[in-house]
Amino acid sequence: MIAIAHAAEGAAAGHASSSGLPQFDVLNFSSQIFWTIVSFAVLLYLLTRFVIPAINAILDARGKSIEDDLSQAKKAREEAEKILANYHKELGAARQEAGKILEQARLEASRLREQVKSELEQESAKKKSAALEEIELAKQRVIEEIKGLAVDLAIDATHKLIGKAVTKTDANKMVEQVMTQLKDDQQRAH
Amino acid sequence: MEHLAASFIGMGLAAAGLAGSGIGLGFMFGKTIEAFARQPGAESQLSKYVWIGAAFVEAIALYGLVIAFIIMGKG
Amino acid sequence: MTMLIANALAAGAAEAAEAAPKMDPLHHFQVIKVIPISLFGIDVSISNSVIWIWIALGIALGLLRYGLRAPQLVPGRMQSMAEASLLFVRGIINDTIGKEGQKFFPLIFSLFLFVLFCNVTGLIPGSFTPTSQLVVTGTFAVGVFIFSTGLGFYKHGTHYFKFFVPGGLPVLLLPLMVPIEIISYLARPVSLSVRLFANMTAGHTVLGVLFFFTATLPWFGAWLPFGFSVVFTAVEGFIGFIQAYIFTILTCVYINDALHMH
């Protein structure tokens, strides 16, 4: 610094305008120092007074607006989440309800099936027993018929054989006898 | 006339100080490229310091230039 | 003495053309008094340097004013630029000083804008670069130096002298280290001012040399220095920004040292 100043002095002592850097010309120092300080002070004042507050205000406003937007978005999100949870709850309830209804329907169906089945069974059992009875009756009737035929045959046969008519009562008695004997034989054979 | 020649020589010698600054810049940018090659992710963070450093190293050379100018004024 | 190179060059050129132009790349650093004013015997005349300081600051304030003419939540281009410049400086302060550095924000912001716009408006052809004047950068550097030193003494009182005594050193080394620390502390304004001034001066000198060659060489040779001058103008713009950035960062570092005594 001292050397520079010294050099500048030397330059100033000689021909300031023609030798060395013009920057070292001491003659111009005082005015530039003065005006630099004044200009800087004015710039500092204008910036502090007008520019910096304006920029800060707009930055703060933007920050605030972003913050608001964020909080609003957060609120909306919370609301949406609430709605979603509600929906899920309702969906679950509906599903449960549907399950219940389905179960009920299934129970009803099985009950109906059971009922129909038992009714059918009863019906068929009734029909079966009726048919059996009928068969038994028919059997009885056939046996009676056969018995009658057998008696007639026996009377005829004996008449032819012995030439003597056998009374119906006798024939009946005989047939009864044979029949019982047959029955006995049958039973014995079993 | 002799001191004029001496001042010319002195100016040349002062300007020769640029060599050191050149070496420094070469080292710095070489190392920087090495660092970027090794870690490309750090490029954006490092490049700031590279330019600051470059300006500092360059300023050293310019001190030599200023001294040359001072000698020019004296001679 | 200014035309040492020019002498050699002109010697050859003079043979070809009788009125060879003289190369004087330092000519545009010449401070010319426009309105001589004297205040209490001190010369405070308005020179071209001062006028260009005003023009640079006028452009800076005009751009900011134009960007903020109707501030909106969704910023336009110029408003974004204005906001970005403020946030940029705020980021520098936060990185180097921390939250408590924000009270120096207007000061550092003004410093940044002043240096940046003086650097950049100097690139306009025919203009003058106020930051290429050692006095202007020196005024800032000394101002920053006085401010940070005063801040250190205000904050720590006489404790601030401990700044020159590095901790964790054997006592025997102290007589060696303390003067080194003091010298390096006193060298701060010198390096701060000379860095900016030398960068601007050197860049504009190179541009001046390139323009001289562009103007004087015949057409088949002129395109080369002309192309260089185009590229170098872009480089100068970048350097102007970087130097403003560094000036700001170093100011922040010095204030941080004063506040926290590292």
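Order of the sequence lines fixes the chain letters, A, B, ..., with proteins taken first and strands second; residue numbering starts at 1 for each chain.
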Does the pair [X]/[Y] count as a salt bridge with the N-to-O cut at 4.0 Å?
X        : Y        : result
A:Glu81  : A:Arg77  : yes
A:Asp156 : A:Lys160 : no
A:Glu144 : A:Lys147 : yes

(request) Could you list which of residues 52-66 of chain C have a heavy atom closer than 4.5 Å to any heavy atom of chain A, in residue-number order? (result)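 Within residues 52-66 of chain C, the residues under 4.5 Å from chain A are C:Ile53, C:Trp54, C:Leu57, C:Leu61, C:Leu64.
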
Given that the side chain runs from C-beta out, which part of [X] has a heavy atom under 4.5 Å from chain C: side chain, backbone, both or neither?
X       : answer
A:Phe40 : both
A:Ser39 : both
A:Leu44 : both

Could you tell me which portion of [X] (side chain, backbone, both or neither) has an atom closer than 4.5 angstrom to a non-hydrogen atom of chain A?
X        : result
C:Leu111 : both
C:Ser110 : both
C:Thr205 : neither

(message) Just so I understand: if I count every heavy-atom pair under 4.5 Å between each of A:Asn56, A:Ile37, A:Val42, A:Val38 and chain C, which residue has the most?
(response)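 When all of A:Asn56, A:Ile37, A:Val42, A:Val38 are compared, A:Asn56 has the most.
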
(request) For chain C, find which of A:Ala61, A:Ala57, A:Ser31 contributes the most heavy-atom pairs closer than 4.5 angstrom. (result)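 Of the options given, most contacts go to A:Ser31.
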
Less than 4.5 Å apart, side chain to side chain, heavy atoms only: is that true for [X] and [Y]?
X        : Y        : answer
C:Leu123 : C:Leu207 : yes
C:Arg195 : C:Phe247 : no
C:Leu107 : C:Phe147 : yes
A:Thr36  : C:Val135 : no

(message) Using the rule given for side-chain hydrogen bond (donor to acceptor under 3.5 Å, both in side chains), can you reason through C:Thr149 versus C:Tyr254, listing the C-alpha separation, both sets of side-chain angles and the distance that settles it, and then say yes or no?
(response) CA-CA 9 Å; C:Thr149 310; C:Tyr254 296 161; over 6 Å; no

(request) Hey, can you tell me if C:Phe112 and C:Phe88 have their rings parallel, tilted or perpendicular (30° and 60° cut-offs)? (result)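 C:Phe112 vs C:Phe88 ring planes: tilted.
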
(request) Can you tell me which residue pairs pass the salt bridge (charged side-chain N to carboxylate O under 4.0 Å, His left out) test with a partner in residues 105-127 of chain A, sequence neighbours excluded? (result)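 Sorted pair list: A:Glu103-A:Arg106, A:Glu108-A:Arg111.
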
